[in-house]
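First the structure, in the form of structure tokens, and then the observations on it.
Values reported hereafter were calculated over all heavy atoms of this structure, with side chains retained and with hydrogens, waters and symmetry mates removed. Index from 1, following the sequence.
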Amino acid sequence: MAYRHDIDGLRGLAIALVVVFHLWMGRVSGGVDVFLTLSGFFFLGSLMRGAADDRTSLNPLPHLKRLARRLYPALVVTVTATVAGTLLIKPPTQWSAILDQTAATLLYYQNWELAFTSQDYAAADATISPMQHLWSMSVQGQFYVLALVVVLGLTALWRRVVRRGSPERLLLAVVIVGTVLSAWWAVQGQIANQPWNYYDTGARIWELLIGGIAAVLLAGVVLPWPLRMLTTVLGLGMIVSCGFLIDGAAHFPGPLAWYPIGGALLVVLGGNLPEGEVATPRRDPVAWLLSARAFRRLGDISYSLYLWHWPILILWLSYTREPGLSLLAGVVIVVVSVVLALITEKYIERPLRMRSRAKGRVTPAAAARDAARGGPVRSAAEHQRFVGATALVAVAAVASVGTVGWWTATSSSRSAVPYVDSVVDADHPGARAFFEGVPTPEDADYIPSPVQVVHDLPASTMDGCIADFESTDALMCVYGDPNAERTVALVGGSHAEHWLSGLDEIGRHYGFRVVTVLKMGCPLTLDATISDNDEGLYESCADWTPNALAALAGLSPDFVFTTASRPVGVLGPDVTPRQYVDLWRALGDQGIGVLAIRDTPWINRGTGPERAGDCLGDGGTPEECGMPREVSIAPINPSSLAAAGLDSVRLIDLTDGLCSADGCPAVVGNVIVYHDSHHLSATWVRSASGELARQMGPATGWW
């Protein structure tokens with residue numbers, strides 16, 4: 001099969017689109033999908049063609065060694081540089097997640113790390129991980145190992161059992177079946193959980209498998225000249241236009257991913273030329289363009305360019321604290337990324353990937369050494385570059401592993417959240433500073449610290465007593481006074497859950513038990529809808545809802561404690577959905593009282609959630625890291641009107657402990673309010689338990 005320089009150029013174009021769309025468009029371009037398909041085209045196609053030759057060795061080690069030389073050195077160097085940039089530029093509150101991703105990247109499970117942490121891969125901003133783009137490298141690495149196991153394993157079995165002919169048709173059939181199953185899985189994943197689906201290897205693998213199929217079935221298929229031009233022009237247009245037409249983060253690797261991948265396959269098919277012909281601008285303009293030196297060189301550095309551009313972008317945004325890029329800043333990032341990619345390709349990738357083809361004087365010692373190893377003779381200059389690249393990669397690997405190890409070894413002391421009693425700790429009155437006017441010393445440290453606050457979670461999270469995004473079970477756990485006869489059921493999503501830290505203390509003091517019926521991101525309603533247009537919540541939330549309602553009916557608590565409002569869109573003010581009122585009315589009909597607490601302000605200025613700890617750790621003041629009151633919360637509690645006429649509903653509002661007349665700061669009484677951008681820290685909630693108890697007493701009539 002003749003070497004296809006235009007496919008090298010196509011690979012360069014795909015990564016160029018990735019860079020441009022990351023920098024200026026804030027969208028997924030489809031270039032990564034094309035790149036994955038071309039990776040399958042080269043690697044799987046080579047394996048399957050080799051299986052047809054009885055003389056081909058089935059030892060996987062040479063393949064793994066080549067892959068390691070090709071992929072790992074540049075990855076290690078860029079990851080180490082990214083870790084260094086993170087420690088210098090990003091606030092310590094973000095180090096843990098990034099160093100976790102360092103290990104995940106170097107061990108090729110970064111896509112699963114991101115899937116479990118639910119990171120959305122779309123627009124870039126300063127809070128995003130500078131290693132987030134490396135999920136595709138992990139998918140690629142996992143695919144390579146799987147392909148080696150399947151192709152070489154089936155080929156070995158064929159040679160042992162059948163002993164004649166070629167296993168190529170068997171392998172092709174297996175790959176086709178795998179493609180169909182993976183594509184089907186991607187469709188199901190998009191319906192069930194698209195953020196997870198985006199990173200799922202099982203949902204992604206069809207994109208690589210289809211490349212291998214193309215390498216086998218399209219090889220040697222030469223279309224008539226007019227059809228060649230039509231397919232390549234159409235294919236190129238599909239690839240370039242993809243990012244403008246399709247939101248890849250919301251749809252890939254589902255059916256719409258066939259749009260850029262189909263374009264790539266059309267370019268591959270139309271680029272097959274008759275034997276002896278060369279692409280010309282008139283007859284085969286796309287193949288000619290992609291075979292041009294500029295695109296081929298871009299293809300050469302495409303891997304390194306992909307590795308470098310994203311961390312430079314994210315670290316730049318972290319350094320400047322700007323929400324986006326100017327045209328000039330973007331051009332500078334592109335230039336720096338290309339220069340680093342050229343250096344990496346020349347001095348890291350090439351010396352370690354390839355044996356020397358360079359001309360130069362060969363020293364006798366080097367010649368003897370290479371001859372003794374059975375390899376081709378390397379020039380002195382090439383040997384020097386090889387030694388230098390090896391040393392640099394080794395130092396980088398030690399630095400990365402050492403940093404991750406140090407951070408892991410010291411994690412327990414960093415994550416331990418000190419217990420604070422706001423009544424006796426004069427330096428940290430927390431909510432009492434607003435509710436009771438308790439003086440707050442200005443020279444005291446924040447508690448928890450910006451690094452610790454992310455771990456300041458309610459007991460139900462630590463105990464596994466809140467159903468996750470996949471579970472549909474109505475989990476029930478008991479807090480407060482377990483032996484009490486009076487019961488308060490804490491129900492709904494995480495914005496109900498974060499009040500548990502206060503309810504637990506109040507329950508133990510006043511003698512009632514708190515039973516949790518909670519699910520992440522799932523406020524309890526009668527029909528799992530949440531807006532005026534009956535918009536449904538996510539699938540497992542809808543399945544959990546009847547189970548939770550049945551659990552409540554069986555429990556028959558004295559009161560249900562739940563949220564009374566929620567913000568409108570990404571910004572306030574807050575509103576009370578009619579579905580909340582319907583639930584309150586239904587509970588009242590069953591003789592169950594309702595304690596409905598107003599939701600908290602969310603830290604969001606229209607560009608996405610902003611974590612309080614990150615902002616404070618980066619030098620922001622409590623006011624800068626908080627929100628204006630009039631923007632984040634309505635002037636009057638919206639649930640006061642919504643609950644009018646419902647005698648079973650008692651409203652609770654702790655907003656005045658979160659906000660002053662002007663703003664809702666990220667720190668109140670030297671206690672950090674939020675453990676992220678909108679969930680309250682357990683320490684702050686405990687500091688507000690006195691006011692919560694004062695409002696609950698008359699509401700329940702228990703004290």
Compute whether any side-chain donor of one residue and acceptor of the other, for [X] and [Y], lie under 3.5 angstrom apart.
X	Y	value
N193	E470	yes
H679	S494	yes
T102	S400	no
T344	Y303	no
Q101	Q110	yes
D614	Q94	yes

Report task. Could you tell me how the ring of H309 sits relative to the ring of H133: parallel (under 30°), tilted (30 to 60°) or perpendicular (over 60°)? Result ->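 H309 and H133: perpendicular rings.
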Query - Cationic N near anionic O, under 4.0 Å, R598 to D574 - result: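 Counted as a salt bridge, because a side-chain N and a carboxylate O are separated by less than 4.0 Å.
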**Report entry** Under-4.0 Å salt bridge between D33 and R204
**Finding:**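 Yes, charged N to carboxylate O under 4.0 Å.
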Is [Y] close to [X] at the side-chain level, that is, under 4.5 Å between some pair of heavy atoms?
X	Y	result
I15	F35	yes
V139	I205	no
P573	S632	no
R629	D662	no
W310	S337	no
V673	V667	no
N197	P253	yes
L13	L298	no

Is [X] reaching over with its side chain to a backbone N or O of [Y], donor-acceptor style, under 3.5 angstrom?
X	Y	result
S540	F469	yes
S302	G12	no
T461	L457	no
T440	A433	no
T117	L114	yes
S681	Y674	no
W206	A203	yes
K519	C541	no
T37	L208	no
R70	E349	no

Return the minimal non-hydrogen interatomic distance between [X] and [Y], and the atom names on each side.
X	Y	value
T403	A399	OG1-O, 2.8 Å
I89	L315	CG2-O, 3.7 Å
L325	L23	CD1-O, 3.6 Å
P73	V393	CB-CG2, 3.7 Å
Y108	Q142	O-NE2, 2.8 Å
G613	P450	O-CB, 3.6 Å

Query raised in the report: So with a 6.0 Å cut-off around CH2 of W316, is the heavy-atom count from everything else above 12?
Result: no
Could you give the distance from [atom1] ([X]) to [atom2] ([Y]), rounded to the nearest 0.5 Å?
X	Y	atom1	atom2	value
E610	N604	CD	CG	7.0 Å
N111	F116	CG	CZ	10.0 Å
M131	T78	CE	OG1	8.5 Å
L352	R350	CG	CZ	12.0 Å
N670	E442	CG	CD	9.0 Å
D676	I603	CG	CD1	8.5 Å

Report task. Run the numbers on W185 and D200 for side-chain contact (heavy atoms from CB on, under 4.5 Å), then give the verdict. Result -> CA-CA 10 Å; W185 183 250; D200 188 351; 2.7 Å; yes
**Report entry** CA sep, side-chain torsions, deciding dist, call: Y72, L106, side-chain contact (heavy atoms from CB on, under 4.5 Å)
**Finding:** CA-CA 8 Å; Y72 216 62; L106 295 177; 3.6 Å; yes
Aromatic ring proximity [X]/[Y], centre distance under 6.0 Å:
X	Y	answer
F252	Y198	no
F21	F244	yes
W602	H495	yes

**Report entry** Check against side chain to side chain donor-acceptor pair (under 3.5 Å), D599 and T563
**Finding:** CA-CA 6 Å; D599 199 10; T563 49; over 6 Å; no
Report task. Give the C-alpha distance, both sets of side-chain angles, the deciding distance and a yes or no for side-chain contact (heavy atoms from CB on, under 4.5 Å) between L616 and I672. Result -> CA-CA 9 Å; L616 294 166; I672 298 180; 3.8 Å; yes
Requested in this report: Go through the steps for T600 and H498 under the test side-chain contact (heavy atoms from CB on, under 4.5 Å), then give the verdict.
Outcome: CA-CA 10 Å; T600 58; H498 59 203; 4.1 Å; yes
Query raised in the report: When W112 is tested against each of W196, W135, Y199 for ring pair (Phe, Tyr, Trp, His ring centres under 6.0 Å), which residue passes?
Result: W196
Query - Among T82, L134, T86, I98, side-chain contact (heavy atoms from CB on, under 4.5 Å) partner for P311 - result: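 In the set T82, L134, T86, I98, the residue that makes a side-chain contact (heavy atoms from CB on, under 4.5 Å) with P311 is T82.
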